[in-house]
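Only heavy atoms go into these numbers, but all of them, side chains included; no hydrogens, no water, no symmetry mates. Each chain gets a letter, A, B and so on, in the order the sequences are listed, and its residues count up from 1.
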Amino acid sequence: MKKLCFYFQIHQPDRLRVFRFFDIGKDSHYYDDFVNRTILRRIASKCYLPMNDLILKAIQESKGKFKVAFSITGSVLEQFERYSPEVIDSFRALAATGNVEFLCETCNHSLSSLKSENEFRHQVLKHKATIERYFGVTPVTFRNTELIYSNSIGKTVYDLGFKTILTEGARHILGWKSPNYIYNNEAKSSQKLLLRNYTLSDDIAFRFAGSGLTAEQFVAKVNAEEGDIVNLFMDYETFGEHQSAESGIFDFMRALPKAALAAGIKFVTPSEAASGIKSIGALSVPQPISWADEERDVTAWLGNELQQDAFNKLYSLVEKLSIIDNADLWADFGRLQESDHFYYMCTKFFSDGDVHKYFNPYDTPYEAFINYMNVLSDFIIRVNDEYATKH
Amino acid sequence: MFGWEFPPHIAGGLGTACEGIVKGLAYNGVESIFVMPSATGDEDQSATRIINASDVAVESFTGTVDEFLDKVKFIHVDSNLIPYADPEEFSKIVEDERARQIKDFRVSFGQKYKFSGKYGANLLEEVARYAMVGGTIAMQHKDEFDIIHAHDWLTYLAGIAAKELTGKPLVVHVHATSFDRGTDDMVDSRVYAIERRGMEAADRVVTVSDLTRGIVINKYGIDPSKVVTVHNAVDFSGRENLEVERGVRDKVVTFLGRITFQKGPEYFIEAAAKVLKRTKGVRFVMAGSGDMMNRAIRMVARMGISDRFHFTGFLRGADVQKMFALSDVYIMPSVSEPFGISPLEAMRTGVPSIISHQSGAAEVLRYALKVDFWDVDAMADDIYALLTYPALSRFAAAQGYDEVNELKWNNATAKLKSVYESVLAQ
């Protein structure tokens, strides 16, 4: 029996306000609250609330046979609480069905796994505690920011208690192999890997509008795939935001559970998949992979010298922050780690330029860099001041 | 006097200089009529009479103007030639131009031509039309003036037309040359041709510095005996220095200007990196925008100093004053600068300044520190010294303040008046 595993990513960045050089050292509120609130409320009403409702009904109508997983970042949870608390209630309602798995990731959708193991652990444990606090469940499956994965990242996460991890079914890693099986970490054989089937995932996430795809056609595609399991991993904003309601995406998703169950497909959560299916072998991933762009690597965030310099400057503060251990500074440090800030500085405008532009509030990567560095300069001053008073 | 712009609506330093000149001339007892392509009516006319060329119909033509018409047909342009605009303005201009859909290039007799008075894509067209309107205006006011004075290449053709129609002597004023806008092998030949034509037709060529005088003589082949330097000045009347609360305790070293090759931004970055190796309590600011800005940002990131090197983008009005007020050291590492008014403004704000020997301002400022633009070691040395030795920075600030307050247009225009007198005596 073919298994289908849905996982949806929910994240919104804390977009920075225009922060001038003149503001450095004077004003330490970094965020554009108006824009963040406006965007969050818009997406809540267009996507999160109607889609949660749809999923809840699908679970009820299927008598518990429909299952999904969510990964909700600490950054967006904080924004929900502030601007749209009803979204949290609707996720709690989903949690109460027992058919929804909540995954663990870095609390602030950060790239810390690529730079600082200490901060990475800190971010993961912070997110774990956040999920426990909001939904009363302890996450057991891990997905890293942008599905970034390598052997060693997997191992770090395993040490934190996560025996299952999600990543991209990247062509350059798989070669002739299929993403539709369970693999295990080369460096830690008892850790299982679930790989995203990007062809079928992107049929929904990127190519749905105008394709005329029906639930029945899609189910037939799933059944035609080889292997044990088809993993459909995508941004939750696909529904109603990237693919508008007019495209018929909600009708499609409403019809999909019934059509799949009728065709003998079984829905599983990631942890169920990992415990119910045997690994067919180890997958070697020495260099980090991700689900982004054609290259499926990390160059969207750390591909140019601007991104690298900003990134190195940010993480050079970890040691001082640990010594100071100040809640406000930790909170801002978390938000400044959001991968989105680095994404805005990306200069890869050619192959994936359209996607990049869609997500970017800045006109140019240079503006993004200047603004971020002004904010970071202010933050560094605060860290150094606090450090000086403690020593 | 033919100009292109006049405060308050200005894009570059040309209009400000023209205002200083007419006011200074008035002080020295010289009356002036200032013709500009597009006046808005809110210009200060206390020192001069402003004639708006857009209000004047072209009525009569003689043989010489026919010659101009041929010239006009010849220089029909579609390029975006914009000498003084900053990038923000540039993109706006390009968009405006697209909307305008440059019309068929015909000169309508007996009609007024609405000049934009900007530096748009149809600049050469405007320059040519301005010449014909300028000639007409000169004829209409033939008995009211003794001498024709044209500021920068945009107005040279108007100056020549006026001279040929009225037979009065022409002085052209060189505020900048093509060689200050491009590199030697990237000079716009159409602009160069107009510049040269104006200088050759002129009875006297006034340059804003000896540096520019050298360019006029060597690159345009003008007879040295008719090229005179009158250094620029600056009008600080009614100007209060801003009190600004500083957000950073570190010292601030500022570069303010267009980020283009001529301004030497890369030398500043290299010097900054050298200073930062030695001392930490300093931040560097590059204020402005330009075609080298992105390259500069990448260079800063590559050197790993972006937490100490900040970009503000293009600054306007009060933000410029604020930037000076926040600065401890001002630097102008220009590769080629006909004069360069910004260090004067910095020094007037009490900020010690480092300028390159390759700027006209270096000829008049004794209390600015001077280095060659390529000598980043010397530049770093001077920055470090001004940051570290209070005695030096206090001295440079105090002396510099007094010095720039002495650079008055009244004195500069007294020299200009003597130039006029020598022309009329011929």
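- Of the listed residues (A/Lys26, A/Gln307, A/Gln308, A/Glu367), the one with the most heavy-atom contacts under 4.5 Å to chain B is A/Lys26.
- The side chain to side chain contact (heavy atoms under 4.5 Å, CB included) test with B/Val282 is passed by exactly one of B/Val275, B/Asp250, B/Val329: B/Val275.
- Annotation: maximal heavy-atom pairing with chain A below 4.5 Å, among B/Val285, B/Asn294, B/Leu326, occurs at B/Asn294.
- For chain B, no part of A/Asn384 is nearby; none of its heavy atoms comes within less than 4.5 Å.
- Considering B/Asp377, B/Asp381, B/Ile269 as possible partners of B/Lys274, the one that fulfils the side chain to side chain contact (heavy atoms under 4.5 Å, CB included) test is B/Asp377.
- Per-residue heavy-atom pair counts under 4.5 Å with chain A were compared for B/Arg298, B/Arg246, B/Arg308, B/Arg249, and the maximum is reached by B/Arg298.
- Contacts between A/Ile380 and chain B at a heavy-atom distance below 4.5 Å involve the side chain alone, from C-beta outward.
- Ion pair A/Lys115/A/Glu119 not flagged as a salt bridge, since none of the NZ, NE, NH1 or NH2 atoms sits closer than 4.0 Å to an Asp/Glu carboxylate oxygen.
- Side-chain polar atoms of B/Asp291 and B/Thr260 form no donor-acceptor pair below 3.5 angstrom.
- The pair A/Glu386-A/Lys320 does not meet the salt-bridge criterion, since no charged nitrogen lies less than 4.0 angstrom from a carboxylate oxygen.
- Interface residue A/Ile24: backbone and side-chain heavy atoms are both found under 4.5 Å from chain B.
- Of the candidates A/Thr106, A/Asn144, A/Thr145, A/Ser113 forms a side chain to side chain contact (heavy atoms under 4.5 Å, CB included) with just one, namely A/Asn144.
- Contacts between B/Met293 and chain A at a heavy-atom distance below 4.5 Å involve the side chain alone, from C-beta outward.
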